[in-house]
Amino acid sequence: MENLTMFERFTRSLQRKEVDKIPVCSVTQTGTMELMEMTGTSWPKAFTDPDEMAALAMAGYEIAGLEGVRYPFSSPDIPQAFGCAYSTGTKHSPPHQTDFPCKSLNDVDDVVIPDNLYESPGIKSMIETTDILRKKIDEKGYELPLIAGILGPASFASCIAGVNNFLLWSVKEPDALQKLINLGGEVCAEYANVLYDHGADSVVIIDSESGPDLFPPPLFKPMFLPVYKKITNTMKGLNILHMCGDATLILEPIAKSGFLGVSLEEKVHMDYASQVIGNDICLIGNVSAADDLLLHAPDFVKASAKKCIEDGTRILAPGCGIAPYTPLENIKAFVAARDEYYSEKDLL
């Protein structure tokens with residue numbers, strides 16, 4: 001097969017078509033201390049300032065070599081628009097939630113989509129960043145995917161109701177929780193389409209709260225699968241589901257959700273996932289971000305990446321967001337491992 005562009009490689013991989021070599025990128029956050037220093041950007045400003053967010057996102061490709069531009073570096077934009085409170089974050093860590101609006105069942109009916117949703121500061125910043133990145137990528141002639149990340153329906157419901165209510169209502173008040181989940185699905189599908197309209201190529205729905213590490217696995221199919229199918233039927237561009245934690249018990253329904261790809265943490269064995277659902281959905285991942293990429297030497301990173309390819313990933317990526325103190329040389333080794341793998345197998 002002729003050499004593909006990075007955009008073609010990414011798109012064809014999500015569509016489970018033949019590629020010259022699998023993409024190597026991140027569909028989760030890419031901001032690191034070294035990239036901030038090299039670009040003159042910094043957290044927490046790059047969490048919300050469109051120019052700084054765009055500059056740091058571009059560095060993932062221009063400096064680290066990842067075959068895609070992924071943004072943002074935290075995702076409080078939707079919850080904040082619905083009344084959730086967050087810290088501003090720090091130079092070293094993203095914002096964390098400090099309060100939520102839906103403290104009792106009586107509050108559920110008051111949760112509605114605001115008329116000015118796209119004028120809320122976080123969402124407006126995301127849209128402006130999308131515009132900036134689209135322009136930069138096009139002007140520089142980069143043929144690579146622009147990848148946005150937003151929270152999904154489970155994450156939305158957990159933020160709006162608080163984690164304790166989210167878990168308690170899943171068993172005792174499922175109708176109330178389902179209302180929040182459905183509303184979250186409606187919001188993230190509509191928001192994703194706005195981002196596509198502004199130039200995003202792919203939108204990653206981050207929805208780890210629906211996974212077995214937090215949510216009862218028997219409830220995944222009745223409470224989330226119909227919502228996921230509705231979301232994916234509505235989304236106008238390439239779509240991915242990201243699931244932190246061990247999603248092994250729900251791999252089969254995930255593959256029937258309508259998402260083109262699923263990004264899995266390293267707790268899921270890629271070889272097993274490949275055998276179970278590898279023909280039904282594009283597997284993405286899953287080199288450990290918190291261990292391999294952050295703590296080990298480049299040669300170790302390369303070995304982990306090559307094993308991940310051998311085990312069946314279709315897009316080589318970190319299993320979760322890249323840790324801020326990840327050495328740049330490790331990210332470059334991660335990227336280099338893909339070409340080394342194909343060279344060693346005499347496949348290039």
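These numbers come from a predicted model, not from an experiment.
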The test is salt bridge (Lys or Arg N to Asp or Glu O under 4.0 Å); show your working for K256 and D280 and say whether it passes. CA-CA 8 Å; K256 297 178 175 63; D280 301 320; 5.7 Å; no

Do the ring planes of [X] and [Y] sit parallel (below 30°), tilted (30 to 60°) or perpendicular (above 60°)?
| X | Y | value |
| --- | --- | --- |
| Y61 | Y142 | perpendicular |
| Y228 | F259 | perpendicular |
| F215 | F166 | tilted |

Any side-chain donor near an acceptor of the partner, [X] and [Y], under 3.5 Å:
| X | Y | answer |
| --- | --- | --- |
| Y191 | D77 | yes |
| S158 | S155 | no |
| T232 | N239 | no |
| N182 | Q178 | yes |
| H242 | D207 | no |

I need the minimum non-hydrogen distance between [X] and [Y], along with the two atoms involved.
| X | Y | answer |
| --- | --- | --- |
| A305 | V287 | CA-CG2, 3.7 Å |
| M36 | G31 | CE-C, 4.4 Å |
| G185 | P153 | N-CB, 3.6 Å |
| D51 | I132 | OD1-CD1, 3.4 Å |
| M235 | Y196 | CE-OH, 3.2 Å |
| L35 | L328 | CD2-CD1, 4.1 Å |

Could you tell me whether [X] atom [atom1] has more than 12 heavy atoms of other residues or ligands within 6.0 Å of it?
| X | atom1 | result |
| --- | --- | --- |
| K221 | NZ | no |
| D299 | CG | no |
| Y118 | OH | yes |
| Q15 | CD | yes |
| H198 | NE2 | yes |

Step by step, would you call R12 with E18 a salt bridge (Lys or Arg N to Asp or Glu O under 4.0 Å)? CA-CA 7 Å; R12 289 180 65 87; E18 183 183 358; 5.5 Å; no

Does the distance from a Lys or Arg side-chain N to an Asp or Glu carboxylate O, for [X] and [Y], drop under 4.0 Å?
| X | Y | value |
| --- | --- | --- |
| K306 | E344 | yes |
| E67 | R9 | yes |
| D138 | R134 | yes |

Dump the intermediate steps for side-chain hydrogen bond (donor to acceptor under 3.5 Å, both in side chains) on D291 and H296, then the final yes or no. CA-CA 7 Å; D291 187 4; H296 289 277; 3.0 Å; yes

When you compare the side chain of H92 with that of W43, does any pair of heavy atoms fall below 4.5 Å? no

With a 4.5 Å cut-off on side-chain heavy atoms, are I315 and L14 touching? yes

Nearest-0.5 Å distance, [atom1] of residue [X] to [atom2] of residue [Y]:
| X | Y | atom1 | atom2 | result |
| --- | --- | --- | --- | --- |
| D49 | T129 | CG | OG1 | 7.5 Å |
| R16 | R314 | CZ | CZ | 6.5 Å |
| R70 | L144 | CZ | CG | 14.5 Å |

Name all residues meeting the side chain to side chain donor-acceptor pair (under 3.5 Å) criterion together with [X]; count only those two or more places apart in sequence or in a different chain, and write none if there are none.
| X | answer |
| --- | --- |
| D197 | K236 |
| Y71 | T130 |
| K45 | none |
| T41 | T39 |

Verdict with supporting geometry, F334 and L66, side chain to side chain contact (heavy atoms under 4.5 Å, CB included): CA-CA 9 Å; F334 172 72; L66 295 165; 4.2 Å; yes

Scan for salt bridge (charged side-chain N to carboxylate O under 4.0 Å, His left out) pairs involving residues 167-176, sequence neighbours excluded, and state none if there are none.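 As it turns out, there is no salt bridge (charged side-chain N to carboxylate O under 4.0 Å, His left out) pair with a partner in residues 167-176 once direct neighbours are skipped.
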
Could you tabulate the donor-acceptor pairs under 3.5 Å formed by side-chain atoms of residues 97-104, not counting sequence neighbours?
| from | atom 1 | to | atom 2 | distance (Å) |
| --- | --- | --- | --- | --- |
| Q97 | NE2 | D99 | O | 3.1 |
| Q97 | NE2 | C159 | O | 2.8 |
| T98 | OG1 | A85 | O | 3.2 |
| D99 | OD1 | K103 | NZ | 2.8 |
| K103 | NZ | F100 | O | 2.4 |
| S104 | OG | N106 | N | 3.4 |
| S104 | OG | D107 | OD2 | 3.4 |

Stepwise salt bridge (Lys or Arg N to Asp or Glu O under 4.0 Å) test for K307 and D271: CA-CA 9 Å; K307 184 180 186 304; D271 56 349; 5.1 Å; no

